[in-house]
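Reminder, nothing fancy here: chain letters follow the sequence lines and each chain counts from 1.
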Amino acid sequence: MATKAKNLVIVESPAKAKTLATFLGDDYEIKSSFGHIRDLPKKKTGVDVEKNFEPTYEISVGKENVAAELRKAAKGREVWLASDEDREGEAIAWHVCILLGLDPAKTKRIVFHEITKSAITEAVAKPRTVDMKLVDAQQARRILDRLVGYELSPVLWKKVRTGLSAGRVQSVAVRLIVEREREIKAFKASSKFEIVGQFEAKGQQFSAKLPEKLSDQEGAKAWLESAKPATYKVASVDEKPGSRSPGAPFTTSALQQEAARRLGYSVRQTMVLAQRLYENGHITYMRTDSPILSDLAVNAAKDYILKNFGDKYLEARQFKAKGSSAQEAHEAIRPTNLNKLSTGDDKAQQRLYELIWQRTLASQMAPASVLKTDLKVAISTREEQLVASGEVLTFDGYLRVYGGGKDDKLLPKVAVGDELQLVEMLATETYDRAQARYSEASLVRKLEELGIGRPSTYAPTIGVIQDRGYVEKKDVEGEVVKTAQLVLKGGTITEDQLDTTIGADRSKLIPTDLAGIVTDFLIKYFPPIMDYEFTARVEEELDDIAEGKLKWQQALKEFYDQFHPLIDIGEKASRQEATQARELGKDPKTGEPIIVRFARFGPVLQLGPSPDPKDKDAPKPHFAPMPAGVSQDEVTLEQALPMFDLPRTVGKTEDGEEILASIGRFGPYVQVGKVYVSLKEQEPLTVTEAEARVLIAEKKKQIAEREIADFGKLKVLNGRYGPYVTDGKKNAKIPKDTDPKSLDEKAAQKLLDDAPDKPRRFRRRTVK
DNA sequence: CAGTGAGCGAGCTTCCGCTTGACTT
């Protein structure tokens with residue numbers, strides 16, 4: 001064992017500690033703080049607003065061991081604080097000082113942006129001390145977020161539903177999604193007719209279209225009629241060169257977008273894979289807002305490009321960070337060794353690594369050159385001209401490594417005045433598209449653009465807004481519409497009907513009714529928090545604090561004096577208003593009002609007024625489920641009335657048992673005794689006895705096949721993941737080497753006892 | 001991702017930003 005090192009260097013990440021150890025000698029021991037080690041308490045606000053916003057910090061939950069280790073390692077050592085050079089990193093350095101009982105004004109603080117021998121020796125040669133102004137900016141940020149989150153959320157618990165949350169970042173993220181969905185709903189898809197001519201020249205076919213679409217079918221037909229006797233000539237041919245440049249090296253959000261687009265990874269998946277690559281030393285740090293490459297990396301890219309592609313392909317350049325909120329404590333995400341073309345523990349990691357490799361190398365390569373051709377076609381019977389455009393890649397440049405370029409679109413080599421043969425002329429009805437819904441990755445891009453959130457929080461934020469029930473990631477079916485197509489061919493016009501799907505969407509973020517209700521409530525009562533510019537203004541103030549132009553307590557006071565009175569006002573709002581209770585009309589039978597409102601489990605229909613809680617004898621209202629696929633703000637009296645007939649008696653089974661149909665938490669179903677079958681094709685109000693009998697019989701057959709053994713309370717069943725034991729509450733998997741049929745009750749019980757108690761879910765749902 | 005089908009009465013819930021962890025579905 002070597003003698004105890006004289007110095008202790010503390011960094012944020014254990015992977016960084018490992019790399020650093022290879023550069024610093026035996027005089028230095030390197031330890032990691034694993035990010036923040038102290039924070040405001042979890043159970044209470046921990047900020048004394050009366051006492052100038054004095055915070056109370058505690059060792060973060062789960063960090064007790066880290067804190068103890070750091071204390072032990074620091075004894076009798078010179079401590080060097082080497083956390084990241086940004087607001088959070090500076091605060092970590094300060095918290096470490098406090099934890100270790102060191103004086104922040106005297107303890108050595110060093111920073112480096114890249115882990116190289118020279119960067120490290122340079123840093124060690126001239127240490128500074130903790131910058132308290134930067135620390136104060138972090139404290140202001142932390143306390144503001146705490147006050148907003150912990151004062152706002154309880155208002156939602158009282159007014160809308162328990163367990164909800166609101167915050168500077170998540171509430172704006174939800175707002176973006178809610179507003180986009182409303183724009184899409186309000187969008188009226190209108191159709192127009194697009195004219196496209198298919199021509200032939202020099203043995204090659206190409207298409208040319210009319211720049212202006214026609215507004216209706218009559219117009220389209222008249223247009224084609226007028227083109228019947230026409231001849232076609234080349235009116236002009238324009239060739240001009242163009243170029244396309246490579247994108248910047250990856251920041252976190254750019255990596256998330258490209259991995260989603262090219263590899264189909266979720267934002268979370270991308271981060272997990274990148275983390276592994278980072279821990280194994282294959283890539284630089286994956287949470288960064290900077291597209292800047294170190295000199296080392298630029299030189300490595302230059303060498304690689306020269307050696308493998310030649311100097312025609314080289315164009316070294318540096319990119320600038322987008323947005324003013326970038327802190328640039330790290331460099332761009334890049335391979336640590338560009339000569340390694342592929343690496344990673346599995347296929348998924350390899351594909352992500354290769355994407356990063358390609359993007360990094362491409363960023364230092366020459367633009368691609370293209371030759372664009374614009375060809376105009378004159379029509380003898382009309383004034384307008386049809387337009388065709390071609391594009392041919394003349395030099396691949398960076399596209400050689402970072403593909404995704406368009407395919408060449410070739411036009412025949414024709415000259416002005418050349419005759420063109422019409423193959424056919426199409427007039428096709430097309431629909432305008434509404435704005436695109438947000439995907440995980442495009443939401444991250446929007447948040448980054450607004451300066452809201454940080455690289456380390458993008459993925460978790462997307463998780464939180466789903467966990468809270470504000471947003472669901474799903475496919476949208478779209479609707480099939482009939483579109484018309486007119487075809488002029490061989491001098492005659494024919495009419496076709498095509499089936500076209502419009503409004504379909506895959507794997508997009510869709511807001512729930514809850515999201516709309518919470519967003520409307522927050523916008524009405526807490527407009528500053530929901531303002532897209534809010535974070536930008538906060539950032540400016542934090543910069544002022546960091547530069548010593550503003551005291552952090554002063555900044556917080558100004559914010560809080562404006563914010564806190566809003567809480568008092570919001571508290572006075574009625575639940576009726578907050579949950580957007582709405583009277584749809586009166587029940588024709590009883591004359592009682594029918595109300596839709598947002599209850600504990602979502603939107604619900606109510607017949608009769610809510611009773612006064614003090615009046616114990618008041619009649620209770622009737623409740624009914626919402627019709628499937630209808631949202632709270634759309635539902636009508638006509639849709640609501642039949643729902644009160646649920647559960648409906650459909651008929652009887654062959655054995656005389658009653659069949660019921662209704663809508664539950666998981667959608668429409670039919671039921672006989674304890675057997676439930678979800679309805680997919682039919683509706684609970686119209687499903688027939690015969691249909692229900694078939695469904696029930698199928699389900700019963702499935703249940704019978706599912707049952708391997710029945711010990712009364714314990715059952716051995718065949719599930720989708722193989723055989724398992726259940727007591728109705730808890731399930732236990734049966735090991736592969738055990739024949740499920742051979743289990744007796746005792747063995748089954750043992751399996752169940754041995755199984756872990758709570759099936760730990762990665763992501764918890766708020767719905768209990 | 002196994003089955004599930006209620007309707008504001010306990011307890012508790014919540015923020016954003018740093019960092020990884022442990023094994024279960």
- Which part of the nucleic acid, if any, lies within reach of A:G35 when heavy atoms closer than 4.0 Å are counted: base, sugar-phosphate only, or nothing? base
- Query: Looking at B:dG21, B:dC15, B:dC16, which one has an atom nearest to any side-chain atom of A:E279?
  - Reply: B:dG21
- Roughly how many Å is it from NE2 in A:H622 to P in B:dA6, rounded to a whole number? 17 Å
- Ion pair check, A:E90 and A:R109, cut-off under 4.0 Å: yes
- So which nucleotide from B:dC18, B:dC15, B:dG17 ends up closest to the side chain of A:K63? B:dC18
- Query: With a 4.0 Å cut-off on heavy atoms, is A:S678 in touch with a base, just the backbone sugar-phosphate, or nothing at all?
  - Reply: base
- Query: What's the closest nucleotide to the A:R168 side chain, out of B:dG5, B:dC18, B:dC16?
  - Reply: B:dC16
- Task: Considering just the side-chain nitrogens and oxygens of A:S32, establish if one lies under 4.0 Å of OP1 or OP2 belonging to B:dT20.
- Result: no
- Message: Run the side-chain hydrogen bond (donor to acceptor under 3.5 Å, both in side chains) test against A:R537 and tell me which residues pass, sequence neighbours left out.
- Response: A:D531
- Query: Less than 5.5 Å between centroids and less than 30° between ring planes, does A:F34 satisfy that with B:dT20?
  - Reply: no
- Between A:H95 and A:Y57, does the ring centre distance come in under 6.0 Å? yes
- Note on the structure: Between NE2 of A:H36 and C1' of B:dT20 the distance, given in whole Å, is 14 Å
- Query: More than 12 heavy atoms of other residues, nucleotides or ligands under 6.0 Å from CD of A:E683: is that the case?
  - Reply: no
- Could you check how far CE of A:M626 sits from C1' of B:dG5, rounded to whole Å? 17 Å
- Message: As a test of reading the structure: which of B:dT19, B:dG7, B:dC8 is closest to the side chain of A:D84, going by heavy atoms?
- Response: B:dT19
- Message: Under the rule for side-chain hydrogen bond (donor to acceptor under 3.5 Å, both in side chains), what residues qualify as partners of A:E279, not counting sequence neighbours?
- Response: A:Q275, A:R276
- Using a cut-off of strictly less than 4.0 Å, decide whether A:S13 has a side-chain nitrogen or oxygen near OP1 or OP2 of B:dT19. no
- Task: Keeping the roles fixed (side chain from A:Q671, backbone from A:G673), state whether a donor-acceptor pair exists under 3.5 Å.
- Result: yes
- Describe the nucleic acid contact of A:P14 in one word from base, sugar-phosphate, nothing, applying a heavy-atom distance below 4.0 Å. sugar-phosphate
- Atom CG of A:D39 to atom P of B:dC18: distance rounded to whole Å? 12 Å
- Message: On DNA chain B, compare the nucleotides closest to A:K42 and A:T457; which residue's is nearer the 5' end?
- Response: A:K42
- State whether A:R161 places a side-chain N or O below 4.0 Å from either non-bridging phosphate oxygen (OP1 or OP2) of B:dT14. no
- Task: Return the set of residues passing salt bridge (Lys or Arg N to Asp or Glu O under 4.0 Å) with A:E539 (not counting sequence neighbours), or none when no residue passes.
- Result: A:R87
- Task: In whole angstrom, give the distance that lies between atom CG of A:L542 and atom P of B:dG17.
- Result: 11 Å
- Task: Could you check whether A:A166 gets within reach of a base, just the sugar-phosphate, or nothing at all, counting any heavy atom under 4.0 Å?
- Result: sugar-phosphate
- Lys NZ or Arg CZ of A:R287 over A:Y458 ring: under 6.0 Å, within 45°: no
- Task: Give one of base, sugar-phosphate or nothing for A:Q275, where a contact means two heavy atoms less than 4.0 Å apart.
- Result: sugar-phosphate
- Under the side-chain hydrogen bond (donor to acceptor under 3.5 Å, both in side chains) rule, collect the residues that match up with A:K31, sequence neighbours excluded. A:E69
- Fill in the dot-bracket string of DNA chain B, one character per base: . for unpaired, | for a pair to another strand, ( ) or [ ] for pairs within the strand, taking Watson-Crick or G-U pairs under 3.5 Å. .........................
- Item | side-chain hydrogen bond (donor to acceptor under 3.5 Å, both in side chains) partners for A:D145, two or more places apart | A:R141, A:R168
- Item | Nucleotide nearest A:S153 when distance is taken to its side chain, options B:dT20, B:dG17, B:dC15 | B:dC15
- Task: Looking at every strand, decide which applies to A:V169 at a 4.0 Å heavy-atom threshold: base, sugar-phosphate, or nothing.
- Result: sugar-phosphate
- Note on the structure: Separation of B:dG17 atom C1' from A:I452 atom CD1, nearest Å, is 15 Å
- Query: Which of the following nucleotides, B:dC15, B:dT14, B:dT20, is nearest to the side chain of A:P154?
  - Reply: B:dT14
- Message: Any side-chain N or O of A:R468 below 4.0 angstrom from OP1/OP2 of B:dT14?
- Response: yes
- Message: What contact category does A:Q170 fall into here, base, sugar-phosphate, or nothing, at under 4.0 angstrom with non-hydrogen atoms?
- Response: sugar-phosphate
- Query: How long is the line joining CG of A:D86 and C1' of B:dG17, in whole Å?
  - Reply: 10 Å
- Specify the separation, in whole Å, of atom CD1 of A:I659 and atom P of B:dG5. 19 Å
- Side chain of A:R454, base of B:dC16: donor and acceptor closer than 3.5 Å? no
- For B:dT25 and B:dG5, measure between their C1' atoms and round to the nearest Å. 24 Å
- Message: From the set B:dC18, B:dT20, B:dG5, return the single nucleotide nearest to any side-chain atom of A:E88.
- Response: B:dC18
- Task: Assign A:G89 to base, sugar-phosphate, or nothing according to its heavy-atom contacts below 4.0 angstrom with the strands shown.
- Result: nothing
- Give one of base, sugar-phosphate or nothing for A:S165, where a contact means two heavy atoms less than 4.0 Å apart. sugar-phosphate
- Heavy atoms under 4.0 Å, any strand shown: does A:R276 hit a base, just sugar-phosphate, or nothing? nothing
- Do A:R142 and B:dC15 have a side chain to base donor-acceptor pair shorter than 3.5 Å? yes
- Message: In whole Å, measure the gap between the P atoms of B:dC23 and B:dA2 for me.
- Response: 23 Å
